[in-house]
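Here the structure comes first, spelled out in structure tokens, and everything after it is commentary.
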Amino acid sequence: MDNKNILDLDLSDELHLNEAVKTNLRKAFKWGKILAIMLFIFFGFMVLFYFKLLTAETRQAGSSVQTLITILLLTFTICVFFSAFNLLGFANRGMISLETNNNKVFSISIESLKGYFKFYGIFLSIITLFFVIAFFSMFAIFFN
Amino acid sequence: MDNLPPFEENQEELFLTDFMKKELKRTANWATFISIATVVFCGMWGLNVLSSIIFSSSESLSSTTPLEVFVLIVLIFITSLIIISGVILFSFSHHLKNALKNKQAQSLNISFDYLSKYFIFSSVLLIFMIIWIIMITFNLG
């Protein structure tokens with residue numbers, strides 16, 4: 001075990017995962033799974049909110065701003081679903097890879113983590129864009 | 001999960017292959033982007049909250065209720081949580097890049113520790129978001 005730690009601190013060709021890394025990875029997989037389940041719950045409420053908004057919009061005969069908000073919300077909801085799906089994949093496959101020392105499953109798990117961050121990045125860009133639009137429209141309304 | 005490779009391919013220990021390193025590098029890049037976008041998002045959110053307060057107070061200066069003050073405090077708390085999660089994510093990406101560049105298991109260890117911390121913070125934030133979406137959904141109609 002000691003020898004393994006010494007090797008890990010050296011600059012070797014391969015980056016091996018020692019016990020300390022595995023412990024932190026296990027923790028990341030566990031919390032990743034919790035976060036993924038919560039994201040699925042959030043997704044469920046988002047879908048509910050989306051349908052409520054749609055029915056409210058059809059009652060009021062939607063304007064172009066309402067349509068824009070609906071499209072943004074739909075994209076946002078899809079991003080939430082895919083990020084939750086990828087995160088669950090990362091956690092489940094990661095746990096299996098640690099139990100079985102399977103490098104292929106571990107690489108699929110890392111791919112899923114990248115997918116999670118990718119969808120989360122798109123999702124965050126959409127909300128930031130939404131806030132930028134809201135900020136400038138607030139100014140436009142106030143000064144008109 | 002059906003496409004999992006057979007267990008005969010299992011090795012004695014896990015190591016990072018070139019493909020994994022490439023994917024982890026992309027993950028680190030996305031994480032850096034998200035951490036920066038998080039700070040921009042918080043800035044825009046703060047500006048929106050501030051401008052709405054300024055515009056509403058210019059119409060009715062003394063009409064701020066204790067509930068509005070409470071909501072503002074909760075918003076400041078959530079904003080600080082978002083900023084902290086962004087900083088943690090930036091640390092994760094920084095240490096991950098460092099680990100991949102210098103082949104250091106120590107940095108890799110720290111980066112995964114930051115990743116789990118980031119997931120914990122995100123879970124707390126998501127609880128607030130779920131409460132918020134429930135409140136909006138059931139007051140909409």
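Lettering follows sequence order; numbering is per chain, from 1.
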Taking only heavy atoms into account, what residues of residues 82-92 of chain B are found under 4.5 Å from chain A?
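Within residues 82-92 of chain B, the residues under 4.5 Å from chain A are B/L89, B/F92.
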Which residues, numbered in order, of residues 123-131 of chain B come under 4.5 angstrom of chain A by heavy-atom distance?
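Result: B/S123, B/L126, B/I127, B/M129, B/I130.
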Identify which of A/I41, A/T23, A/L48 forms the greatest number of heavy-atom pairs closer than 4.5 Å to chain B.
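Heavy-atom pairs under 4.5 Å are most numerous for A/L48.
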Option that, when pairs with chain B are counted at under 4.5 Å, heavy atom only, ranks first among A/I34, A/L98, A/L39
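Winner by heavy-atom pair count: A/L39.
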Heavy-atom distance under 4.5 Å to chain B: side chain of A/S125, backbone, both or neither?
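Only the side chain of A/S125 comes within 4.5 Å of chain B.
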Sort A/Y116 into side chain, backbone, both or neither according to what part of it lies under 4.5 angstrom from a heavy atom of chain B.
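Only the side chain of A/Y116 comes within 4.5 Å of chain B.
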Determine whether a donor-acceptor pair (N or O, by modelled atom type, separation under 3.5 Å) exists between the side chain of A/N24 and the backbone of B/N109.
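Checking the backbone N and O of B/N109 against the side chain of A/N24, a donor-acceptor pair under 3.5 Å is found.
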Using a cut-off of under 4.5 Å on heavy-atom pairs, state which of B/F33, B/W30, B/F19, B/Y118 scores highest against chain A.
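Heavy-atom pairs under 4.5 Å are most numerous for B/W30.
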Can you tell me which of B/L24, B/D18, B/V40 forms the most heavy-atom pairs within a distance under 4.5 Å of chain A?
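Of the candidates given, the most pairs with chain A belong to B/L24.
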Let me know if B/T38 has heavy atoms under 4.5 Å from chain A in its side chain, its backbone, both or neither.
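Contact with chain A involves both backbone and side-chain atoms of B/T38.
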For the atom pair NZ (A/K30) and CD1 (B/I120), what is the distance rounded to the nearest 0.5 Å?
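That separation rounds to 7.5 Å.
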Measure the spacing between CE of B/M20 and CG of A/N103 and express it to the nearest 0.5 Å.
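Output value for this atom pair is 4.0 Å.
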Any idea which heavy atoms bring B/T137 and A/F49 closest together, and the distance?
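It is OG1-CB, 3.4 Å.
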Which heavy-atom pair separates B/L115 from A/A28 by the least distance, and what is that distance?
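What the structure gives for the nearest pair is CD2-CB, 4.1 Å.
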Hey, mind stepping through B/I136 and A/K52 against side-chain contact (heavy atoms from CB on, under 4.5 Å) and telling me if it holds?
CA-CA 10 Å; B/I136 289 180; A/K52 275 232 170 191; over 6 Å; no
In terms of hydrophobic clustering (I, L, V, M, F, W, Y; side-chain heavy atoms under 4.5 Å; direct or indirect links), are B/V74 and B/W132 co-clustered?
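Per the 4.5 Å side-chain linkage, B/V74 and B/W132 are co-clustered.
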